[in-house]
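Since the structure comes first, as structure tokens, the remarks are kept for the end.
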There are 2 protein chains.
Amino acid sequence: MSNHEESGAVPGGMAPLTADGLETRLRDAGLRPTRQRVALGMLLFGSGDRHVTAEDLHAEAVTAGESVSLATVYNTLHQFKGAGLLREIAINGQRAYFDTNTSNHSHFFVEKAGTLMDIPADGIRIDGLPEPPPGMRISHVDVVVRLVKA
Amino acid sequence: MSNHEESGAVPGGMAPLTADGLETRLRDAGLRPTRQRVALGMLLFGSGDRHVTAEDLHAEAVTAGESVSLATVYNTLHQFKGAGLLREIAINGQRAYFDTNTSNHSHFFVEKAGTLMDIPADGIRIDGLPEPPPGMRISHVDVVVRLVKA
DNA sequence: ATTTGTGCAAATCGTTTGCATCTGA
DNA sequence: TCAGATGCAAACGATTTGCACAAAT
């Protein structure tokens with residue numbers, strides 16, 4: 001199937017993702033579409049926005065019958081991040097989360113369960129940000145709304 | 001010296017802190033004022049608002065001639081946090097920072113240097129926070145403004 | 001005297017790295 | 001062919017834990 005879809009579309013988007021489309025996307029990012037990268041990419045970008053840890057993704061891949069090592073999962077996540085396909089989310093000093101939604105948005109974090117949820121980008125507005133110190137610029141603003149049982 | 005000062009005052013405040021005052025504060029929090037806890041407390045609360053890692057604080061204590069083990073520094077930081085004297089700040093997946101300013105405020109984080117700075121509480125306003133999911137309440141909103149060299 | 005805290009070193013957890021082997025262009 | 005990718009296992013850094021000893025009430 002020489003299905004050539006919109007490979008430039010939003011990574012975490014809703015359009016059905018084909019292996020071909022993903023391969024093109026990887027190639028465009030300067031990454032060889034290896035078996036592992038395609039498999040992980042399909043898991044990540046094949047179904048809406050996702051928040052995964054390296055272990056989550058590794059477990060999924062194994063469950064899906066793909067043999068990938070945990071080290072490769074880490075490598076791949078960081079490469080995807082470098083290519084702008086993923087964003088890393090800083091929640092706490094332990095687990096690193098990767099978000100397939102690279103647009104500007106905030107998160108709910110359920111403390112006890114350790115689950116992450118998107119807050120629609122336009123749901124939150126931040127006013128009154130002070131000037132950054134001289135010689136610095138703001139690279140990004142992280143907003144995490146922490147939730148506990150009521 | 002039966003010096004009984006305002007031990008209920010703001011922990012990271014500007015008032016000169018005495019060992020006596022701190023001991024009272026610890027006792028009120030249900031923590032025995034041991035030598036180590038008092039020493040660490042004086043370092044933490046004795047001079048304005050601070051952002052420290054466990055290692056920072058341990059190094060300071062050792063430099064100050066107090067013998068405290070790193071494990072005890074960790075224990076103490078968590079106990080202080082539990083007592084509401086400190087707040088833990090989630091920056092990235094590695095080092096944990098503890099902030100002596102427990103009031104609501106945001107932070108600048110200098111990516112490369114790993115330094116943290118307060119942004120005055122009233123400098124930032126967040127609007128449009130969505131309702132938390134049913135059964136949940138917002139415990140706290142973390143805002144981290146990440147800075148890089150311009 | 002009893003309870004609570006401390007220190008050390010070993011254990012743990014998530015993550016990274018070195019290196020030999022394999023794979024894709 | 002041959003740069004680039006993978007897998008394994010060992011290395012790592014931050015944090016935690018188990019347990020014998022010490023200090024506080």
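Reckoned from all heavy atoms, side chains included, excluding hydrogens, waters and symmetry mates. Residue numbers start from 1 in every chain, and the chains themselves are labelled A, B, ... in the order their sequence lines are given, proteins ahead of strands.
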* To do: Would you indicate what A:His78 reaches in the nucleic acid, counting non-hydrogen atoms under 4.0 angstrom: base, sugar-phosphate, or nothing?
  =>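 If one applies the 4.0 Å heavy-atom cut-off, A:His78 turns out to touch the sugar-phosphate alone, with no base involved.
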* side-chain hydrogen bond (donor to acceptor under 3.5 Å, both in side chains) pairs, two or more places apart, involving residues 57-68 of chain A ->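 Counting only pairs at least two positions apart or across chains, the side-chain hydrogen bond (donor to acceptor under 3.5 Å, both in side chains) contacts touching residues 57-68 of chain A are A:Arg50-A:Glu60.
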* Asked: Which residue pairs pass the side-chain hydrogen bond (donor to acceptor under 3.5 Å, both in side chains) test with at least one member in residues 30-42 of chain B, sequence neighbours excluded?
  ->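 Residue pairs passing side-chain hydrogen bond (donor to acceptor under 3.5 Å, both in side chains), neighbours aside: B:Arg37-B:Gln79.
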For [X] and [N], give me the distance from atom [atom1] to atom [atom2], rounded to whole Å.
X: B:Ile91; N: D:dT15; atom1: CD1; atom2: P; result: 13 Å
X: A:Arg95; N: D:dA14; atom1: CZ; atom2: P; result: 19 Å
X: A:Leu26; N: C:dA25; atom1: CG; atom2: C1'; result: 15 Å
X: A:Glu66; N: D:dG7; atom1: CD; atom2: C1'; result: 15 Å
X: B:Tyr97; N: D:dT15; atom1: OH; atom2: C1'; result: 15 Å

* To do: Tell me whether A:Phe45 is reachable from A:Leu77 by hopping between hydrophobic residues (I, L, V, M, F, W, Y) whose side-chain heavy atoms are closer than 4.5 Å.
  =>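 Shared cluster, yes.
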* **Base versus backbone protein contacts along nucleotides 3-9 of chain C [heavy-atom cut-off under 4.0 Å; B, S, -]** => BBSSBB-
Side-chain donor-acceptor contact under 3.5 Å, [X] with [Y]:
X: B:Asp142; Y: B:His107; result: no
X: A:Asp20; Y: A:Thr18; result: no
X: A:His51; Y: A:Asp56; result: no

* To do: With DNA chain D as reference, determine whether B:Arg27 or B:Tyr74 sits nearer its 5' end, using the nearest nucleotide of each.
  =>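 Whichever sits nearer the 5' end wins; that is B:Tyr74.
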